[in-house]
Protein chains: 2
Amino acid sequence: MQFSFRMPVAVQILLCIAKFDGVFKMTSTFLASSVNVNPVIIRKTLGQLKAAGLVEVAAGVGGAKLLRPPQDITLREVFQAVEEDVDLFHIQENPNPQCPVGRNIQQVLGARLSVVKDNMLADFARVTLADLLADIDSAEQKHC
Amino acid sequence: MQFSFRMPVAVQILLCIAKFDGVFKMTSTFLASSVNVNPVIIRKTLGQLKAAGLVEVAAGVGGAKLLRPPQDITLREVFQAVEEDVDLFHIQENPNPQCPVGRNIQQVLGARLSVVKDNMLADFARVTLADLLADIDSAEQKHC
DNA sequence: GCTCATTGTGATACATGGTATTACAATGAG
DNA sequence: CTCATTGTAATACCATGTATCACAATGAGC
(Lines give C-alpha, C1' and ligand atoms only; values in the text may rest on other atoms or scores of the structure.)
Protein backbone atom coordinates (compact mmCIF):
# COMPACT_ATOMS: atom_id res chain seq x y z
CA MET A 1 0.00 0.00 0.00
CA GLN A 2 1.14 3.43 -0.88
CA PHE A 3 -0.15 6.90 -0.87
CA SER A 4 -0.52 8.31 -4.33
CA PHE A 5 1.75 10.87 -5.91
CA ARG A 6 -0.80 13.55 -5.29
CA MET A 7 0.39 14.97 -2.02
CA PRO A 8 4.05 15.13 -3.02
CA VAL A 9 3.04 16.68 -6.33
CA ALA A 10 0.94 19.27 -4.53
CA VAL A 11 3.82 20.07 -2.20
CA GLN A 12 6.19 20.52 -5.10
CA ILE A 13 3.72 22.82 -6.84
CA LEU A 14 3.34 24.97 -3.76
CA LEU A 15 7.09 25.11 -3.18
CA CYS A 16 7.67 26.23 -6.76
CA ILE A 17 5.04 28.92 -6.45
CA ALA A 18 6.57 30.12 -3.20
CA LYS A 19 10.08 30.13 -4.61
CA PHE A 20 9.41 31.64 -8.03
CA ASP A 21 6.57 34.01 -7.28
CA GLY A 22 7.18 37.26 -9.16
CA VAL A 23 10.05 35.75 -11.15
CA PHE A 24 8.18 33.44 -13.51
CA LYS A 25 4.52 33.07 -14.26
CA MET A 26 3.45 29.82 -12.63
CA THR A 27 1.50 28.19 -15.44
CA SER A 28 0.55 24.56 -15.43
CA THR A 29 3.04 23.94 -18.21
CA PHE A 30 5.88 25.49 -16.24
CA LEU A 31 4.99 23.53 -13.11
CA ALA A 32 4.57 20.37 -15.13
CA SER A 33 8.16 20.63 -16.30
CA SER A 34 9.48 20.97 -12.75
CA VAL A 35 7.46 18.08 -11.37
CA ASN A 36 7.69 16.13 -14.62
CA VAL A 37 4.08 15.13 -14.92
CA ASN A 38 1.37 16.00 -17.41
CA PRO A 39 0.06 19.59 -17.22
CA VAL A 40 -3.46 18.26 -16.77
CA ILE A 41 -2.38 16.62 -13.52
CA ILE A 42 -1.05 20.00 -12.39
CA ARG A 43 -4.29 21.72 -13.30
CA LYS A 44 -6.36 19.17 -11.41
CA THR A 45 -4.12 19.41 -8.38
CA LEU A 46 -4.18 23.20 -8.51
CA GLY A 47 -7.94 22.95 -8.63
CA GLN A 48 -7.92 21.00 -5.37
CA LEU A 49 -5.52 23.44 -3.75
CA LYS A 50 -7.69 26.30 -4.90
CA ALA A 51 -10.78 24.64 -3.44
CA ALA A 52 -8.88 24.33 -0.16
CA GLY A 53 -8.14 28.06 -0.18
CA LEU A 54 -4.40 27.63 -0.48
CA VAL A 55 -3.85 29.21 -3.90
CA GLU A 56 -5.56 31.35 -6.46
CA VAL A 57 -5.31 30.58 -10.14
CA ALA A 58 -5.79 33.22 -12.83
CA ALA A 59 -8.12 31.69 -15.37
CA GLY A 60 -7.47 32.84 -18.91
CA VAL A 61 -4.17 34.60 -18.49
CA GLY A 62 -2.73 31.87 -16.31
CA GLY A 63 -0.51 31.74 -13.28
CA ALA A 64 -0.99 30.63 -9.67
CA LYS A 65 -0.20 32.40 -6.41
CA LEU A 66 -0.21 31.43 -2.77
CA LEU A 67 -3.01 32.93 -0.73
CA ARG A 68 -1.10 32.55 2.53
CA PRO A 69 2.55 32.82 3.52
CA PRO A 70 4.54 29.56 3.43
CA GLN A 71 4.94 29.47 7.19
CA ASP A 72 1.14 29.31 7.51
CA ILE A 73 0.61 26.34 5.22
CA THR A 74 1.16 22.90 6.74
CA LEU A 75 1.54 19.51 5.14
CA ARG A 76 -1.67 18.56 6.87
CA GLU A 77 -3.65 21.07 4.87
CA VAL A 78 -1.99 20.02 1.67
CA PHE A 79 -2.61 16.36 2.42
CA GLN A 80 -6.25 16.95 3.20
CA ALA A 81 -6.69 19.11 0.14
CA VAL A 82 -5.65 16.37 -2.25
CA GLU A 83 -6.57 13.11 -0.51
CA GLU A 84 -10.13 11.99 -0.04
CA ASP A 85 -11.07 12.08 3.60
CA VAL A 86 -11.93 8.44 3.86
CA ASP A 87 -10.77 6.29 6.69
CA LEU A 88 -7.14 5.52 6.28
CA PHE A 89 -7.85 1.95 7.30
CA HIS A 90 -10.41 -0.34 6.00
CA ILE A 91 -12.01 -2.87 8.31
CA GLN A 92 -14.05 -5.71 6.94
CA GLU A 93 -17.61 -4.44 6.79
CA ASN A 94 -19.59 -7.59 7.46
CA PRO A 95 -17.83 -9.68 10.06
CA ASN A 96 -19.79 -12.49 11.61
CA PRO A 97 -21.99 -11.14 14.42
CA GLN A 98 -22.13 -14.63 15.99
CA CYS A 99 -18.43 -14.42 16.73
CA PRO A 100 -17.33 -12.32 19.73
CA VAL A 101 -14.29 -11.20 17.76
CA GLY A 102 -16.27 -10.49 14.61
CA ARG A 103 -18.95 -8.47 16.31
CA ASN A 104 -16.46 -6.18 18.06
CA ILE A 105 -13.56 -5.92 15.67
CA GLN A 106 -14.74 -2.79 13.95
CA GLN A 107 -15.21 -0.79 17.10
CA VAL A 108 -12.12 -2.09 18.90
CA LEU A 109 -9.62 -1.99 16.07
CA GLY A 110 -11.20 1.13 14.58
CA ALA A 111 -10.60 3.03 17.80
CA ARG A 112 -6.94 2.06 17.82
CA LEU A 113 -6.42 2.89 14.19
CA SER A 114 -8.09 6.25 14.36
CA VAL A 115 -5.51 7.24 16.97
CA VAL A 116 -2.81 6.30 14.49
CA LYS A 117 -4.42 8.41 11.81
CA ASP A 118 -4.81 11.39 14.10
CA ASN A 119 -1.16 11.15 15.03
CA MET A 120 -0.20 11.07 11.38
CA LEU A 121 -2.19 14.22 10.70
CA ALA A 122 -0.62 15.85 13.75
CA ASP A 123 2.81 15.01 12.35
CA PHE A 124 1.84 16.62 9.08
CA ALA A 125 0.59 19.69 10.89
CA ARG A 126 4.06 20.22 12.35
CA VAL A 127 5.71 20.75 8.95
CA THR A 128 5.15 23.98 7.02
CA LEU A 129 6.06 24.95 3.50
CA ALA A 130 8.54 27.40 5.03
CA ASP A 131 10.30 24.48 6.72
CA LEU A 132 10.63 22.72 3.41
CA LEU A 133 11.87 25.85 1.66
CA ALA A 134 14.54 26.16 4.35
CA ASP A 135 15.45 22.50 3.88
CA ILE A 136 15.83 23.09 0.17
CA ASP A 137 18.02 26.13 0.65
CA SER A 138 20.33 24.29 2.98
CA ALA A 139 20.50 21.33 0.61
CA GLU A 140 21.36 23.72 -2.22
CA GLN A 141 24.20 25.24 -0.22
CA LYS A 142 25.77 21.86 0.37
CA HIS A 143 25.90 21.23 -3.35
CA CYS A 144 27.85 24.43 -4.09
CA MET B 1 -5.92 6.33 -0.49
CA GLN B 2 -6.56 3.50 1.88
CA PHE B 3 -4.76 0.63 3.37
CA SER B 4 -6.10 -2.70 2.21
CA PHE B 5 -8.19 -5.05 4.28
CA ARG B 6 -5.17 -7.21 4.87
CA MET B 7 -3.98 -5.91 8.20
CA PRO B 8 -7.43 -5.84 9.81
CA VAL B 9 -8.10 -9.33 8.47
CA ALA B 10 -4.82 -10.56 9.89
CA VAL B 11 -5.63 -9.01 13.26
CA GLN B 12 -9.01 -10.64 13.33
CA ILE B 13 -7.49 -14.00 12.47
CA LEU B 14 -4.97 -13.72 15.27
CA LEU B 15 -7.60 -12.61 17.76
CA CYS B 16 -9.80 -15.57 16.88
CA ILE B 17 -6.91 -17.95 17.29
CA ALA B 18 -6.03 -16.43 20.64
CA LYS B 19 -9.62 -16.53 21.85
CA PHE B 20 -10.62 -19.97 20.61
CA ASP B 21 -7.40 -21.91 20.94
CA GLY B 22 -8.17 -25.34 22.31
CA VAL B 23 -11.92 -24.84 21.90
CA PHE B 24 -12.29 -25.06 18.14
CA LYS B 25 -9.85 -26.10 15.46
CA MET B 26 -8.86 -22.90 13.68
CA THR B 27 -9.24 -23.93 10.06
CA SER B 28 -9.31 -21.47 7.20
CA THR B 29 -13.01 -22.22 6.72
CA PHE B 30 -13.80 -21.46 10.35
CA LEU B 31 -11.82 -18.23 10.29
CA ALA B 32 -13.34 -17.26 6.95
CA SER B 33 -16.79 -17.40 8.49
CA SER B 34 -15.81 -15.09 11.34
CA VAL B 35 -14.10 -12.55 9.11
CA ASN B 36 -16.54 -13.11 6.28
CA VAL B 37 -14.06 -13.41 3.44
CA ASN B 38 -13.08 -16.25 1.18
CA PRO B 39 -11.09 -19.08 2.83
CA VAL B 40 -8.36 -18.62 0.26
CA ILE B 41 -7.79 -15.10 1.55
CA ILE B 42 -7.43 -16.55 5.04
CA ARG B 43 -4.95 -19.14 3.86
CA LYS B 44 -2.85 -16.54 2.09
CA THR B 45 -2.89 -14.27 5.11
CA LEU B 46 -2.03 -17.15 7.42
CA GLY B 47 0.85 -17.91 5.09
CA GLN B 48 2.19 -14.39 5.60
CA LEU B 49 1.73 -14.62 9.35
CA LYS B 50 3.50 -17.96 9.35
CA ALA B 51 6.39 -16.52 7.36
CA ALA B 52 6.63 -13.77 9.96
CA GLY B 53 6.90 -16.35 12.74
CA LEU B 54 3.64 -15.38 14.40
CA VAL B 55 1.68 -18.59 13.87
CA GLU B 56 2.11 -22.20 12.92
CA VAL B 57 -0.31 -23.91 10.61
CA ALA B 58 -0.81 -27.68 10.60
CA ALA B 59 -0.72 -28.71 6.97
CA GLY B 60 -2.97 -31.62 6.14
CA VAL B 61 -4.97 -31.89 9.31
CA GLY B 62 -5.53 -28.19 9.56
CA GLY B 63 -5.64 -25.65 12.34
CA ALA B 64 -3.50 -22.66 13.30
CA LYS B 65 -1.90 -21.70 16.61
CA LEU B 66 -0.08 -18.66 17.92
CA LEU B 67 3.63 -19.12 18.41
CA ARG B 68 3.84 -16.32 20.95
CA PRO B 69 1.55 -15.05 23.68
CA PRO B 70 -0.84 -12.26 22.68
CA GLN B 71 0.92 -9.71 24.85
CA ASP B 72 4.08 -10.25 22.81
CA ILE B 73 2.51 -9.66 19.39
CA THR B 74 2.13 -6.03 18.35
CA LEU B 75 0.15 -4.47 15.53
CA ARG B 76 3.45 -3.40 14.08
CA GLU B 77 4.51 -6.98 13.50
CA VAL B 78 1.14 -7.85 12.05
CA PHE B 79 1.22 -4.82 9.78
CA GLN B 80 4.69 -5.58 8.53
CA ALA B 81 3.84 -9.23 8.04
CA VAL B 82 1.05 -8.49 5.60
CA GLU B 83 2.00 -5.19 3.93
CA GLU B 84 4.84 -4.88 1.49
CA ASP B 85 7.64 -2.85 2.96
CA VAL B 86 7.61 -0.20 0.32
CA ASP B 87 7.78 3.45 1.13
CA LEU B 88 4.48 4.60 2.46
CA PHE B 89 4.78 7.69 0.34
CA HIS B 90 5.57 7.98 -3.25
CA ILE B 91 7.56 10.93 -4.50
CA GLN B 92 7.77 11.67 -8.19
CA GLU B 93 10.82 9.81 -9.43
CA ASN B 94 12.05 12.09 -12.18
CA PRO B 95 11.62 15.69 -11.13
CA ASN B 96 13.40 18.30 -13.19
CA PRO B 97 17.04 18.56 -12.04
CA GLN B 98 17.23 22.08 -13.50
CA CYS B 99 14.74 23.29 -10.91
CA PRO B 100 16.01 23.87 -7.37
CA VAL B 101 12.76 22.53 -6.01
CA GLY B 102 12.73 19.54 -8.35
CA ARG B 103 16.28 18.50 -7.64
CA ASN B 104 15.80 18.49 -3.87
CA ILE B 105 12.20 17.47 -3.36
CA GLN B 106 12.92 13.79 -2.94
CA GLN B 107 15.50 14.23 -0.25
CA VAL B 108 13.75 17.03 1.59
CA LEU B 109 10.19 15.76 1.55
CA GLY B 110 11.34 12.15 1.84
CA ALA B 111 13.09 12.91 5.10
CA ARG B 112 9.97 14.50 6.55
CA LEU B 113 7.71 11.71 5.43
CA SER B 114 9.92 8.95 6.71
CA VAL B 115 9.55 10.47 10.17
CA VAL B 116 5.79 10.21 9.76
CA LYS B 117 6.06 6.59 8.75
CA ASP B 118 8.34 5.75 11.66
CA ASN B 119 5.88 7.36 14.04
CA MET B 120 3.06 5.33 12.57
CA LEU B 121 5.00 2.11 13.08
CA ALA B 122 5.83 3.20 16.63
CA ASP B 123 2.12 3.72 17.26
CA PHE B 124 1.44 0.24 15.98
CA ALA B 125 4.16 -1.16 18.22
CA ARG B 126 2.32 0.17 21.27
CA VAL B 127 -0.75 -2.00 20.70
CA THR B 128 -0.63 -5.73 21.41
CA LEU B 129 -3.10 -8.48 20.65
CA ALA B 130 -3.65 -8.74 24.40
CA ASP B 131 -4.80 -5.10 24.43
CA LEU B 132 -7.32 -5.85 21.72
CA LEU B 133 -8.54 -8.97 23.49
CA ALA B 134 -9.11 -6.88 26.61
CA ASP B 135 -10.94 -4.28 24.53
CA ILE B 136 -13.18 -6.99 23.13
CA ASP B 137 -13.92 -8.42 26.56
CA SER B 138 -14.91 -5.05 27.93
CA ALA B 139 -17.05 -4.35 24.87
CA GLU B 140 -18.75 -7.72 25.37
CA GLN B 141 -19.53 -6.92 28.98
CA LYS B 142 -21.23 -3.69 28.03
CA HIS B 143 -23.54 -5.58 25.71
CA CYS B 144 -24.73 -7.96 28.44
C1' DG C 1 -1.86 -48.21 3.41
C1' DC C 2 -6.30 -45.56 2.63
C1' DT C 3 -9.34 -42.00 3.38
C1' DC C 4 -10.55 -37.49 3.71
C1' DA C 5 -10.63 -32.88 5.47
C1' DT C 6 -7.44 -29.45 4.98
C1' DT C 7 -3.59 -26.57 3.30
C1' DG C 8 -0.77 -24.28 -0.22
C1' DT C 9 -0.74 -22.40 -4.56
C1' DG C 10 -1.51 -21.17 -9.36
C1' DA C 11 -4.79 -19.33 -12.56
C1' DT C 12 -8.38 -16.44 -13.62
C1' DA C 13 -11.74 -12.79 -13.32
C1' DC C 14 -13.34 -8.48 -12.00
C1' DA C 15 -13.64 -3.87 -9.92
C1' DT C 16 -11.36 0.14 -8.48
C1' DG C 17 -8.21 3.81 -8.49
C1' DG C 18 -4.13 6.26 -10.14
C1' DT C 19 -1.84 8.22 -13.99
C1' DA C 20 -1.29 9.87 -18.85
C1' DT C 21 -3.12 12.01 -22.69
C1' DT C 22 -6.18 14.21 -26.09
C1' DA C 23 -9.49 17.48 -27.07
C1' DC C 24 -12.03 21.53 -26.62
C1' DA C 25 -14.96 25.17 -24.70
C1' DA C 26 -14.39 29.10 -21.54
C1' DT C 27 -11.56 32.80 -19.84
C1' DG C 28 -9.55 37.32 -19.76
C1' DA C 29 -5.35 40.50 -20.39
C1' DG C 30 -3.47 43.17 -23.94
C1' DC D 1 -10.14 40.21 -31.32
C1' DT D 2 -6.42 37.35 -30.35
C1' DC D 3 -4.14 33.96 -28.07
C1' DA D 4 -1.99 31.64 -24.30
C1' DT D 5 -4.01 29.49 -20.65
C1' DT D 6 -7.37 27.19 -17.59
C1' DG D 7 -11.07 23.88 -16.45
C1' DT D 8 -12.97 19.71 -17.54
C1' DA D 9 -14.77 15.67 -19.92
C1' DA D 10 -13.51 11.53 -22.24
C1' DT D 11 -10.59 7.85 -22.91
C1' DA D 12 -6.96 4.56 -22.25
C1' DC D 13 -3.93 1.86 -19.67
C1' DC D 14 -1.81 -0.31 -15.79
C1' DA D 15 -1.33 -1.81 -11.06
C1' DT D 16 -3.45 -3.59 -7.12
C1' DG D 17 -6.96 -5.63 -4.20
C1' DT D 18 -10.35 -9.02 -3.75
C1' DA D 19 -13.05 -13.23 -4.97
C1' DT D 20 -13.18 -17.65 -6.67
C1' DC D 21 -12.15 -22.17 -8.79
C1' DA D 22 -9.28 -25.99 -9.17
C1' DC D 23 -6.12 -29.25 -7.71
C1' DA D 24 -1.88 -31.38 -6.00
C1' DA D 25 0.29 -32.14 -1.48
C1' DT D 26 -0.22 -33.14 3.34
C1' DG D 27 -0.83 -35.96 7.36
C1' DA D 28 -3.87 -37.67 11.35
C1' DG D 29 -6.77 -41.42 12.26
C1' DC D 30 -8.81 -45.62 11.05
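Side-chain atoms are counted along with the backbone in the values below, which use heavy atoms only and exclude waters and symmetry mates. Labels below follow one simple rule: chain letters A, B, ... track the order of the sequence lines, proteins then strands, and each chain is numbered from 1.
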Q | Test log, rule side chain to side chain contact (heavy atoms under 4.5 Å, CB included), inputs Leu46(A) and Ile17(A) | A | CA-CA 11 Å; Leu46(A) 274 175; Ile17(A) 297 175; 4.3 Å; yes

(Q) Using side-chain heavy atoms (C-beta onward) and a distance below 4.5 Å, is Phe20(A) in contact with Met26(A)? (A) yes

Q: Of all the heavy-atom pairs spanning Pro95(B) and Gln12(A), show the shortest one and how long it is.
A: CB-NE2, 3.9 Å

Q: Considering only NZ, NE, NH1 and NH2 on the basic side and carboxylate oxygens on the acidic side, decide whether Lys117(A) and Asp123(B) come within less than 4.0 Å.
A: no

Q. Who pairs with Phe79(A) by ring-ring contact (aromatic ring centres under 6.0 Å, His included), at least two apart in sequence or on another chain?
A. Phe3(A), Phe124(A)

Q | Distance (rounded to the nearest 0.5 Å) between Leu14(A) CG and Leu132(A) CG | A | 10.0 Å

Q: Show your working on side chain to side chain contact (heavy atoms under 4.5 Å, CB included) between Met120(B) and Leu88(B) and close with a plain yes or no.
A: CA-CA 10 Å; Met120(B) 189 185 79; Leu88(B) 185 54; 4.0 Å; yes

Identify each donor-acceptor pair in which a side-chain atom of residues 48-72 of chain B lies under 3.5 Å from a protein atom, sequence neighbours left out, and give them as a table.
from, atom 1, to, atom 2, distance (Å)
Lys65(B), NZ, Asp21(B), OD1, 3.1
Arg68(B), NH1, Asp72(B), O, 3.0
Arg68(B), NH1, Glu77(B), OE2, 3.2
Arg68(B), NH2, Glu77(B), OE2, 2.6

Q) How many angstroms lie between atom CD1 of Ile73(B) and atom CG of Leu129(B), to the nearest 0.5 angstrom? A) 5.0 Å

Q | DNA chain D contacts among residues 48-60 of chain B, heavy-atom distance under 4.0 Å | A | Ala59(B), Gly60(B)

Q) So, for His90(A) and Pro8(B), which heavy atoms are closest and what is the spacing to 0.1 Å? A) O-CG, 3.2 Å

Q | Rounded distance [0.5 Å steps], CG in Leu75(B) versus CG in Asp131(B) | A | 8.5 Å

Q. From Ile41(B) CD1 over to Asn36(B) CG, what is the distance, rounded to the nearest 0.5 angstrom?
A. 12.0 Å

Q | For atom CZ of Arg43(B) and atom C1' of dT7(C), their distance in whole Å | A | 6 Å

Atom pairs, N/O to N/O, protein against nucleotides 19-21 of chain C, distance under 3.5 Å?
from, atom 1, to, atom 2, distance (Å)
dT19(C), OP1, Phe5(A), N, 2.8

Q. Could you walk me through whether Ile136(B) and Glu140(B) pass the side chain to side chain contact (heavy atoms under 4.5 Å, CB included) check?
A. CA-CA 6 Å; Ile136(B) 286 176; Glu140(B) 280 289 291; 4.3 Å; yes

Q: Return the residues of residues 9-33 of chain A meeting this criterion: a heavy atom under 4.0 Å from some atom of DNA chain C. Order them by number, or give none.
A: none

Q: Send over the distance from Ile42(A) CD1 to dG7(D) C1', rounded to a whole Å.
A: 14 Å

Q. Given Watson-Crick or G-U pairs with both distances under 3.5 Å, what dot-bracket string fits DNA chain C, with | for other-strand pairs and [ ] for crossing?
A. ||||||||||||||||||||||||||||||

